[in-house]
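To keep things clear, I will list the structure first and then write my remarks on it.
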Amino acid sequence: PPPPPPPPPFSSRRRHTRSTLQSRGLGDVYKRQGVPEDNQIAMQWYLKAAEQGDDDAQYAIALMYDEGDGFASDDLAAIKWYTLAAEQGNLRAQFNLAIMYDVGEGGPEDDAAAIRWYTAAAEAGHADAQLNLGVMYENGEGTVADAGQAMHWYRRAADQGSRDAQYAVALMFDEGIGIPEDNVAALAWYARAAEQGDAQAQNNLGAMYDAGEGVPVDDERAVYWYKLSANQGNPIAQNNLGAMYFAGEGTKASKTEAYKWFYISGELGNPNGRENRDLAAEGMRKSELTKGRKLALKWLKEYEKTSSDL
């Protein structure tokens, strides 16, 4: 029989890079005790309180216009009421107003205004504002790019438990962005985000155990973190996990499982997964291919259902 093919040229070291991290922190509409649930009546009560300077009521009105909650969505009205509340120090209003300027809702994008309001909320301890302010400093949006300031705000948010910020801090240590590369620190911050369920951090933590960066090589731990990330739908982790199964590193070798994860990775848009699927298939029996494909399709069906239920 012909010799088995060599392991496919996978990259188990490939990591995610960060995209802009912005999340709409709308929260629950402020409700006064005894206010009817009817939005029209609620608006009347909010307006009475807002006109007397109540910043929570001003925020609630802005939120209703912003979300179109009982009214036609009106970005200009939302900006007006968010601004009134923000100027009184309402953190939620400051953050949402910053988002509107950041993404250009109710007018053109205004990074300088976004920076102003993110900073106001961030200095008062709003973790999501700290995170987004870090992104703006890192990318040079509305300000000169400043990795030191980016790290400062990421750390402020990370110390409050923001897993996105913990991932951002880890990535800066990992890639040496504005600071010396520090694999031990990167590993620690990836671990904090990974333990909170961040799929990108789980993949990158797996990659560090896989490559022995900041820690001795530990294939079993690499497989553990790749698997957690892969089952959340991360196509890079899926490709990495397939490679571990193919090579029998950290787990029992299984061409079927390798093919399954390469197949899933490719279906979710990773060209490396598609390439490795085809390479792995060259040395597999028809029964193994059939089983691997069946397992992959079953996983994808369940993943699609779970995603649609969220």
Side-chain angles (χ1 to χ4, degrees), residues 10-25 127-128 131-132 134-135 138 154 157-158 160-175 177 183 185-211 213-215 218-245 249-251 257-258 260-274 276-277 295-310:
F10 64 88
S11 174
S12 61
R13 185 65 178 74
R14 186 173 180 193
R15 300 184 182 172
H16 274 283
T17 54
R18 184 170 54 261
S19 57
T20 301
L21 300 169
Q22 295 174 346
S23 56
R24 192 68 159 201
D128 286 336
L131 170 66
N132 286 7
V135 171
E138 184 176 356
Y154 288 150
Q160 293 198 67
S162 166
R163 74 178 195 181
D164 287 339
Q166 290 166 352
Y167 174 74
V169 170
L171 200 63
M172 293 190 83
F173 278 122
D174 189 4
E175 298 184 351
I177 301 173
N183 289 329
L187 185 86
W189 284 103
Y190 279 140
R192 290 178 69 174
E195 286 163 1
Q196 290 201 71
D198 187 282
Q200 296 184 102
Q202 290 167 347
N203 175 70
N204 289 9
L205 185 57
M208 296 195 81
Y209 279 113
D210 193 356
E213 295 190 350
V215 68
D218 188 333
D219 290 337
E220 290 185 4
R221 295 297 292 171
V223 167
Y224 172 80
W225 289 111
Y226 284 152
K227 191 174 291 186
L228 285 178
S229 183
N231 277 311
Q232 289 199 69
N234 183 328
I236 294 176
Q238 290 159 356
N239 181 61
N240 292 344
L241 182 59
M244 301 295 278
Y245 274 113
E249 295 176 351
T251 186
E257 279 294 309
K260 164 192 165 181
W261 287 111
F262 288 146
Y263 189 102
I264 292 167
S265 176
E267 288 298 300
L268 294 184
N270 185 358
N272 289 336
R274 288 192 292 271
N276 289 343
R277 175 199 63 197
L295 289 171
L297 292 174
K298 179 183 178 183
W299 188 95
L300 286 164
K301 183 177 180 180
E302 291 174 354
Y303 177 69
E304 183 179 3
K305 183 180 185 300
T306 302
S307 299
S308 65
D309 289 343
L310 295 178

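Predicted, not measured: the structure shown is a model, and the values here were computed from it. Both backbone and side-chain heavy atoms feed into the values below; hydrogens, waters and symmetry mates do not.
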Requested in this report: Determine the minimum heavy-atom distance between Ala158 and Ala165, stating which atoms define it.
Outcome: N-CB, 3.5 Å
Query raised in the report: Does a side chain donor of either Asn234 or Ser229 reach within less than 3.5 Å of an acceptor in the other side chain?
Result: yes
Query raised in the report: Distance-only, no hydrogens or angles: does the Arg192 side chain make a donor-acceptor pair with backbone N or O of Gln166 under 3.5 Å?
Result: no
Query raised in the report: Is a side-chain donor or acceptor of Asp198 paired with a backbone partner of Ala193 at a separation under 3.5 angstrom?
Result: no
Query - Heavy-atom pair of closest approach, residues Ala157 and Ala127 - result: CB-O, 3.5 Å
Query raised in the report: Taking C-beta and beyond as the side chain, do Asn272 and Phe262 meet within less than 4.5 Å on heavy atoms?
Result: no
Report task. Please state whether the rings of Trp299 and Trp261 are parallel, tilted or perpendicular, taking 30° and 60° as the class boundaries. Result -> perpendicular
Query raised in the report: Looking only at atom types and distance, does a side-chain atom of Thr306 sit under 3.5 Å from a main-chain N or O of Glu302, one as donor and one as acceptor?
Result: yes
Query raised in the report: Between Leu295 and Tyr263, is any pair of side-chain heavy atoms under 4.5 Å apart?
Result: no
Report task. For Gln202 and Ala194, indicate whether the former's side chain and the latter's backbone hold a donor-acceptor pair under 3.5 Å. Result -> yes
Query raised in the report: Arg274 side chain to Gly266 main-chain N or O, any donor-acceptor pair under 3.5 Å?
Result: yes
Query raised in the report: CG of Asn270 to CD of Gln238: how many Å apart, nearest 0.5 Å?
Result: 8.5 Å
**Report entry** Tyr226 OH to Thr251 OG1 distance, which is reported to the nearest 0.5 Å
**Finding:** 13.5 Å
Query raised in the report: If you take all heavy atoms of Val223 and Glu249, which pair is closest and at what distance?
Result: CG2-O, 3.4 Å
Report summary line: Tightest non-hydrogen contact, residues Gly269 and Pro271, listed as O-CD, 3.2 Å
Requested in this report: Could you grab the distance from atom CH2 of Trp225 to atom OH of Tyr209, nearest 0.5 Å is fine?
Outcome: 8.0 Å
Query raised in the report: Is the side chain of Ser308 donor-acceptor paired with the backbone N or O of Glu304 at a distance under 3.5 Å, no angle test?
Result: yes
Query raised in the report: Can you tell me how far the CE atom of Met208 sits from the CZ atom of Arg221, to the nearest 0.5 Å?
Result: 14.0 Å
Requested in this report: Taking all heavy atoms of Ala296 and all of Lys260, pick out the closest pair and write down the distance.
Outcome: CB-O, 3.7 Å
Query raised in the report: Is the backbone N or O of Gly161 less than 3.5 Å from a side-chain atom of Gln196, with the two atoms forming a donor-acceptor pair by type?
Result: yes
Query raised in the report: Using a distance-only test with no angle check, is there a side-chain donor-acceptor pair under 3.5 angstrom linking Ser265 and Asn239?
Result: no
Query raised in the report: How many angstroms lie between atom CE of Met244 and atom CD of Glu257, to the nearest 0.5 angstrom?
Result: 14.0 Å
Query raised in the report: Taking it one step at a time, do Asn183 and Val215 satisfy side-chain contact (heavy atoms from CB on, under 4.5 Å)?
Result: CA-CA 8 Å; Asn183 289 329; Val215 68; over 6 Å; no
Query - Atom pair CD1 (Ile264) and CG (Leu297), whose distance is rounded to the nearest 0.5 Å - result: 8.5 Å
Query raised in the report: Out of Asp174, Leu205, Asn204, which residue meets the side chain to side chain contact (heavy atoms under 4.5 Å, CB included) rule with Leu187?
Result: Leu205
Report task. For Ala201 and Tyr190, work out which heavy atoms get closest and say how close. Result -> CB-O, 3.6 Å
